[in-house]
Amino acid sequence: MKRFLKYLGLVIAVVGGLLYIYVDQQIADEIQIVCKGNFYSNGKALGEEEIYFKFRKFAWWTGGDGDGFVEGYEWIDYLHDIETLNGRGDIVFDKFGGGKRGRYSAMSRTMRYVYGGRLFEGKCVDRK
């Protein structure tokens with residue numbers, strides 16, 4: 001009986017450790033940037049804004065690339081499917097409905113993002 005309890009305790013410890021790794025360590029990387037630019041509607045600039053972006057890259061065992069959050073002056077948006085392009089650092093997000101909602105280019109540090117039928121284009125810097 002003591003041997004059974006010893007092995008049961010070992011199994012519980014291993015399962016607990018694996019569960020901790022899966023739940024707590026599933027975020028592999030996080031990028032926070034702030035972009036200053038304009039929203040455009042029908043080709044006309046609507047005024048300069050600062051938009052905050054946070055992208056989370058998931059660990060390989062989660063089965064997805066990651067997700068993101070966007071915060072404007074009076075609104076917040078959730079990006080449920082981002083794709084990181086390895087080697088370049090670019091992020092393509094929300095392939096929802098077959099159309100892309102935006103792209104962040106790491107090389108030029110520019111953002112193109114569609115929200116509410118309007119296009120945002122801006123230059124970005126790391127958020128501190």
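Values in this document were obtained by computation on a predicted structure and should not be read as measured data. These values consider heavy atoms only, across backbone and side chains, with no hydrogens, waters or symmetry-generated copies.
For the pair F93 and T84, the minimum side-chain heavy-atom distance is 4.5 Å or more. The shortest side-chain heavy-atom distance between Y104 and V92 does not fall under the 4.5 Å cut-off. Annotation: side chain of Y40 is not in contact with side chain of R118 (no heavy-atom distance under 4.5 Å). In this structure, the side chains of H80 and Y78 come closer than 4.5 Å at one or more pairs of heavy atoms. The shortest side-chain heavy-atom distance between F53 and I91 does not fall under the 4.5 Å cut-off.
Separating the CG atom in L46 from the NZ atom in K44 is a distance of 9.5 Å, to the nearest 0.5 Å. Taken to the nearest 0.5 Å, the CZ atom of R101 stands 8.0 Å off from the OH atom of Y115. The distance from the CE atom of M111 to the OG atom of S108 is 10.0 Å, given to the nearest 0.5 Å. A distance of 6.5 Å separates CZ of F39 from OH of Y113, quoted to the nearest 0.5 Å.
Scanning for ring pair (Phe, Tyr, Trp, His ring centres under 6.0 Å) contacts around F58 gives an empty result, with sequence neighbours left out. Taking K123 as the reference, T110 meet the side chain to side chain contact (heavy atoms under 4.5 Å, CB included) condition, with sequence neighbours excluded.
In the hydrophobic cluster analysis, where Ile, Leu, Val, Met, Phe, Trp and Tyr join through side-chain heavy atoms closer than 4.5 angstrom, F120 is grouped apart from I76. V15 and L8 fall into different hydrophobic clusters, where Ile, Leu, Val, Met, Phe, Trp and Tyr side chains are chained together by heavy-atom contacts under 4.5 Å. At a threshold of 4.5 Å between side-chain heavy atoms, the hydrophobic network of Ile, Leu, Val, Met, Phe, Trp and Tyr places I12 and L5 in one connected group.
Formation of a donor-acceptor pair under 3.5 Å by the D90 side chain with backbone atoms of A106 is found in this model.
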Please list every donor-acceptor pair under 3.5 Å in which a side-chain atom of residues 30-38 meets a protein atom from a residue at least two apart or in another chain.
unit_1, atom_1, unit_2, atom_2, d
E30, OE2, Q32, NE2, 3.0
N38, OD1, E48, N, 3.0

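Of all heavy-atom pairs between I82 and R56, the closest is CD1-O, 3.7 Å.
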Trace of the side chain to side chain contact (heavy atoms under 4.5 Å, CB included) decision for R127 with Y52: CA-CA 8 Å; R127 188 169 175 201; Y52 297 88; 3.7 Å; yes

Can you check salt bridge (charged side-chain N to carboxylate O under 4.0 Å, His left out) on D67 and K54, steps first, answer last? CA-CA 9 Å; D67 65 359; K54 177 174 154 182; over 6 Å; no

